[in-house]
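Keep in mind that this is a model prediction, so the values were computed, not measured. Residue numbering restarts at 1 for every chain, and letters A, B, ... go by the order of the sequence lines.
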Protein chains: 2
Amino acid sequence: MIEVSNLSKLYWTGLIEVKALRDVSIMMGDGEYVSIMGPSGSGKSTLMNLLGCLDTPSSGSYRLDGQEVSALNDDGLARIRNRKIGFVFQTFNLLPRLTSIANVELPMIYSGLNRKDRKEKAIAALEKVGLADRMLHRPNELSGGQTQRVAIARALVNNPSIILADEPTGNLDRETGRDIINLFQKLNLEFGVTLIIVTHDMEVGRSSKRLIQLVDGRLVKDEKVDT
Amino acid sequence: MIEVSNLSKLYWTGLIEVKALRDVSIMMGDGEYVSIMGPSGSGKSTLMNLLGCLDTPSSGSYRLDGQEVSALNDDGLARIRNRKIGFVFQTFNLLPRLTSIANVELPMIYSGLNRKDRKEKAIAALEKVGLADRMLHRPNELSGGQTQRVAIARALVNNPSIILADEPTGNLDRETGRDIINLFQKLNLEFGVTLIIVTHDMEVGRSSKRLIQLVDGRLVKDEKVDT
Ligand SMILES: Nc1ncnc2c1ncn2[C@@H]1O[C@H](COP(=O)(O)OP(=O)(O)OP(=O)(O)O)[C@@H](O)[C@H]1O
Ligand SMILES: Nc1ncnc2c1ncn2[C@@H]1O[C@H](COP(=O)(O)OP(=O)(O)OP(=O)(O)O)[C@@H](O)[C@H]1O
Ligand SMILES: [Mg+2]
Ligand SMILES: [Mg+2]
């Protein structure tokens, strides 16, 4: 359950204030499948960082499963992120010195699983994105789309109840992109995972159930997708 | 004039050999406008790095304006890159501690221009990609698509005769992506700049004059685009 109310985020660069998000309000139930679209610089990643508990708002309220997130300290935020949320970053954010499999294992470090189980789950996640044969490659030994898919595998490996994916197909060819979207849809339909996907791709937007549009930091549209 | 003959690139990860490019041969005249497409991992960025003199092949020949590039040392490669080529990286590769304007000025450091002229040209390049109002922002203060556009501005600023752009619209909404492609087309039509663009976007591919397809490191198709 996601309840966002009048959420705003301001940045200061020198003396200039950038209103990245302005009074955004959204209600989302469990198991929803929402895509967020809008022009470059309209605030999509900023909103994702707030939803993903990676940052706190300048004003407004964000309740996740009844808990007010903007009131939490760093430890509280970290705990929610680890337990509930799988995040695919727009710029992948893999650790450059670790192999693919080590990068995918990372979210499980505090899960209490032993080494063998973490390894099995990491391999299974890499297989889901078609990269089991690249598990020993480091990020600089992977193509752009392969790096993106390792980031996706890492987001799935802890079986999160919410997946936040910031442009997960931006570096993928059409066919690989469709495989990834089918994978996400399967998680949503079979396991009730809540999906929030930022995308520039109309095809990805149309495969979701609800479409939210941002322009200049404001929410300008929030509609069901007609199938 | 680009003459690629039986170009191959092998990578070694541990004991495993990855044939990233296999016997690729291409001839390109000045002022051509070519797009390169193909599945994730098919060798597009590898080919771009070889064409951009950022790397040397494992075998085969690459002659740029009559000069055998694979025979050059690092200094020779650096000189060609600086004089002739503007490169837009798939992962932008901006310097994180520099502002947008400083990042865009970087290629001009060895051009002999004074500080005032470099600054003017950098601002003009940022205006072309719609980001003059972000010139003092650093990369972590920019959206994904803004970072991509700063990388594009940096590639243009030295007026190169060849632009190599590796997925230049991957993080841009449709409209901003079209602005960028129009900008590239203008450079090609008005100034005869040779354009080589890797893309996953059919619309970008269709706006070029020639389409090359890679699959598994091989060139499988090389055709004119019917308009
Ligand atoms: N740390 C920061 N400091 C200052 N300004 C910032 C910062 N982060 C983002 N911005 C600005 O806030 C605005 C929104 O950025 P955001 O990354 O949310 O856009 P976006 O919708 O994800 O764009 P894109 O589609 O290009 O990825 C942009 O204009 C950007 O320049
Ligand atoms: N430094 C490296 N060491 C080992 N393997 C590498 C290295 N760089 C690339 N590869 C491998 O070479 C192949 C081609 O990579 P390349 O980056 O050229 O693909 P691409 O066509 O650009 O893919 P994408 O569309 O995903 O960006 C991939 O299978 C990749 O894993
Ligand atoms: Mg973004
Ligand atoms: Mg690539």
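- Counting heavy-atom neighbours within 6.0 Å of A:Lys19 NZ, excluding the residue itself, gives a total of 12 or less.
- With a 6.0 Å radius and a threshold of 12 heavy atoms from other residues, nucleotides or ligands, B:Lys121 has its NZ atom at or below the threshold.
- Residues A:Gln148 and B:Ser40 are not in side-chain contact: their nearest non-hydrogen atoms beyond the backbone lie 4.5 Å or more apart.
- Comparing A:Glu167, A:Met37, A:His137, A:Arg174 by heavy-atom pairs within less than 4.5 Å of chain B, the highest count is held by A:His137.
- Crowding of B:Lys119 atom NZ: a count of heavy atoms from other residues, nucleotides or ligands under 6.0 Å not exceeding 12.
- B:His200 places a side-chain N or O within 3.5 Å of a backbone atom of A:Asn171 that can act as its donor or acceptor partner.
- Note: A:Leu172 leads A:Thr199, A:Thr147, A:Leu172, A:Thr176 in heavy-atom pairs under 4.5 Å with chain B.
- No side-chain heavy atom of B:Val18 sits less than 4.5 Å from a side-chain heavy atom of A:Glu141.
- Separating the NZ atom in B:Lys44 from the CG atom in A:Asp173 is a distance of 6.5 Å, to the nearest 0.5 Å.
- For the set B:Asp201, B:Thr13, B:Thr169, the entry with the most heavy-atom pairs within less than 4.5 Å of chain A is B:Thr13.
- Heavy-atom contacts from other residues, nucleotides or ligands closer than 6.0 Å to CG of B:Asn140 number more than 12.
- For chain A, the nearby part of B:Arg134 is the side chain; its heavy atoms alone come within less than 4.5 Å.
- Atom CG of B:Asp133 and atom CD1 of A:Ile16 lie 8.0 Å apart (nearest 0.5 Å).
- Summarising the local packing, CD of B:Glu17 is surrounded by more than 12 heavy atoms from other residues, nucleotides or ligands at distances under 6.0 Å.
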